[in-house]
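Since the model is a prediction, treat every value here as computed from it, not as a measurement. We name chains A, B, ... by the order of the sequence lines, and we start the count at 1 in each one.
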Protein chains: 2
Amino acid sequence: MITLKHVAELAGVSTSTVSRVVSGKDVVSKSVKDKVEKAIKKTGYIPNVNARALANKNSTSIGLVTPDLSLAFFGTLAAGVIDAADELGVTVDICNSRGKDQNNLNAVKTLIKRGFNNILLDESHCDESKILELCAEVPGLVLMNRFIPQIAERCVCVDNVTGGNMAASYLLDNLHNNIAFITSNSEIADPFDRIHGAKIVMAKHGIDTNNCLVAQAAPTIDGGKQAVLELLNKSDEFTAILAYNDNMAVGAMNELQDRGVRIPDEISVIGFDDLAISTVCRPALTTMHYPIREMADYAVKLSLDLTSSKKTLGTSHKFIPKLIERSSVSKI
Amino acid sequence: MITLKHVAELAGVSTSTVSRVVSGKDVVSKSVKDKVEKAIKKTGYIPNVNARALANKNSTSIGLVTPDLSLAFFGTLAAGVIDAADELGVTVDICNSRGKDQNNLNAVKTLIKRGFNNILLDESHCDESKILELCAEVPGLVLMNRFIPQIAERCVCVDNVTGGNMAASYLLDNLHNNIAFITSNSEIADPFDRIHGAKIVMAKHGIDTNNCLVAQAAPTIDGGKQAVLELLNKSDEFTAILAYNDNMAVGAMNELQDRGVRIPDEISVIGFDDLAISTVCRPALTTMHYPIREMADYAVKLSLDLTSSKKTLGTSHKFIPKLIERSSVSKI
DNA sequence: ATTATTTCTGCAAGCGCTTGCAGAAATAAA
DNA sequence: TTTATTTCTGCAAGCGCTTGCAGAAATAAT
């Protein structure tokens, strides 16, 4: 293993000097710098991350804490984070909490103790207070897919209200005035925000939004099936379903189709997320694209920015989803 | 930050002693051990991984190099690896190579330079020789989803021949004698092995396997569509399709359905992998379950085992896939 | 009781890198 | 030319943990 010392000897300077040119944090005269760089190239020196992390009292990795990588959404998120980190020369340590809040929080604490200053956390259930505590402790902690006003500039999330709004607008524009909602029973803000956003436009169109049909279930394919059944029990008047996410949308479509209703002719369905599944199902699902990769990219930059001296990304920022038109909504 | 020193002071012993009880590698008298453990508990001490890695000249993390986490297969693999590692108290660093072989290999080299002794590599395209080189350099390198005889005991993969065999048997048992293959155009052994396995049983059933219908394409949904089109151009006699994986199977089903052929009444389809998509599509896909999580678990244990003194997992081992019966194959 | 063994524990050096401090060298000012 | 500044560079300590070595303590053997 090539160390600073080897390079220093070859270049005829001290290790401090080499360190300085490597880290670039301090001024080194041009001539010496050249010598050192030549030596580095010649030896193929690569800094030892562990030693560096130890001396710097921090890790060169960023931590990603996420519920379940085997779900397409989080897998895509992780891929985005890794790719973005990679470009900046930092590596990613991933914790998979298997959906349990407490695991998430513990994972964060472990990362902290391991010296991580940069942590991306996707945790939508636990108390805000706990997250605020963590944030106070770790300046480089970025919260993903959840918004907490007090730390707005450290939240990387999608504008769910606008998303719901856009989805409903599209439905309305295509003359579906009787919209039913299939939403998640998770106690998180997203589903409410989306419905809220939808109701805003609906109200503008003169629709009474007080007794909209709403069915809650798990945000999964099966949940979608259950929810649509509940809807069906309550009424048979709706002509469109605005689903919390693609999984629920697909579940609903499947269930509906299994019962002989034609989509989109009899009932239109719109999803949210734009995961692979939305192109696979039949009819292909019209859905709101969730810009996961952009968000992942932004999140790692934000985290790194937060722990660097010169902050450039300071302001709060919500990502706007985008309508992807496919075939699950009947058009005028 | 609590360090060894703090614990040592509290326990009234030297740091070496604390180190020894923490690492458990050396004998410490029961009484002292108790004292130290009490002190550790009291202080909430957590070893600094960086210092440890530096002193040990190795990392406590294992590295996972995988093509693309946003694909369900690899996401599941990663989740399995992380979970398994977690249970053993080691963390996982993931590299996402975005499908480029060279990235994969570079990622491995970088990990090596960073002091990783345990690396799980999923690389199915590059030259065997390169992988063998890497293996020689890193004793804890485990190859996933690919088999190379020279390092058989370090390969964690599925028995593709048996898998193909089982899939074909199921088709045959249900009286589909005219089987067409949709396979991957990747230059890897898996697709050949699966077809090879299938042909073995077919031959046993007296079928001439020399001019089987075979269409190659990318191992994706679109690839499946293309491939089935190619098949259709060549013949209209086959009554069953054995697809390389679920994605291709679903693509094929979609394309077929779009052209009005009923599945499984007119054509049966069987997939491979048992990803989420296979339960989503209609009809739900009968497929061979790929025991990814078990394999992930085995791989991390194997890697750790390889770098530990007492080896226990030495022998070569292939995982056997399992038929998951759903609705895409018509039954007798 | 004395010596030989065995078992523990602490010392101190070292893993590779960073950085405050101070002296050397170069440049500017007087 | 001398003195004051500024710019570089090296020294050495330190980040937290591990471990070979040797001395101390405990146990066994004589």
**Sequence-distant partners of B:Ala53, side-chain contact (heavy atoms from CB on, under 4.5 Å), two or more places apart** = A:Asn50
Which atoms of nucleotides 11-14 of chain C (N or O only) lie under 3.5 Å from a protein N or O atom, and what are those distances?
| unit_1 | atom_1 | unit_2 | atom_2 | d |
| --- | --- | --- | --- | --- |
| C:dC11 | N4 | B:Ser16 | OG | 2.9 |

**Request:** Check side-chain contact (heavy atoms from CB on, under 4.5 Å) between B:Ser61 and all other residues, then give those that pass, not counting sequence neighbours.
**Result:** A:Asp93, A:Arg114, B:Ser59, B:Thr91, B:Asp93, B:Phe116
**Contacts of type salt bridge (Lys or Arg N to Asp or Glu O under 4.0 Å), residue A:Asp159, not counting sequence neighbours** = none
**Request:** Identify whether any heavy atom of A:Val18 sits under 4.0 Å from a base atom; if not, whether one sits that close to sugar-phosphate; answer base, sugar-phosphate or nothing.
**Result:** nothing
**Asked** Where along residues 23-34 of chain B does a heavy atom fall under 4.0 Å from DNA chain D?
**Response** B:Lys25
May I have the list of side-chain donor-acceptor pairs in residues 138-148 of chain B shorter than 3.5 Å, sequence neighbours left out?
| unit_1 | atom_1 | unit_2 | atom_2 | d |
| --- | --- | --- | --- | --- |
| B:Asn145 | OD1 | B:Tyr290 | OH | 2.8 |
| B:Asn145 | ND2 | B:Asp122 | OD2 | 2.7 |
| B:Arg146 | NH1 | B:Glu123 | O | 3.1 |
| B:Arg146 | NH1 | B:Ser124 | O | 3.4 |
| B:Arg146 | NH1 | B:Cys126 | O | 3.0 |
| B:Arg146 | NH2 | B:Cys126 | O | 2.8 |

Below 3.5 Å, can you tabulate the donor-acceptor pairs from side chains in residues 34-43 of chain A to any protein atom, sequence neighbours excluded?
| unit_1 | atom_1 | unit_2 | atom_2 | d |
| --- | --- | --- | --- | --- |
| A:Asp34 | OD1 | A:Lys30 | NZ | 3.2 |
| A:Asp34 | OD2 | A:Lys30 | NZ | 3.1 |
| A:Thr43 | OG1 | A:Ala39 | O | 2.8 |
| A:Thr43 | OG1 | A:Ile40 | O | 3.1 |
| A:Thr43 | OG1 | A:Tyr45 | N | 3.4 |

**Prompt:** Of all residues at least two apart in sequence or in a different chain, which pass the side-chain contact (heavy atoms from CB on, under 4.5 Å) check with B:Ala51?
**Reply:** A:Leu54, B:Asn48
**Residue list, side-chain hydrogen bond (donor to acceptor under 3.5 Å, both in side chains) with B:Thr3, at least two apart or on another chain** = none
**Pairing residues for B:Phe74 by the ring-ring contact (aromatic ring centres under 6.0 Å, His included) criterion, not counting sequence neighbours** = none
**Request:** Would you please name every residue forming a side-chain hydrogen bond (donor to acceptor under 3.5 Å, both in side chains) with B:Asn118, sequence neighbours left out?
**Result:** B:Ser303, B:Thr307
**Asked** To 10°, what angle do the rotation axes through the five end pairs on each side of the helix from C:dA1-D:dT30 to C:dA30-D:dT1 form?
**Response** 40°
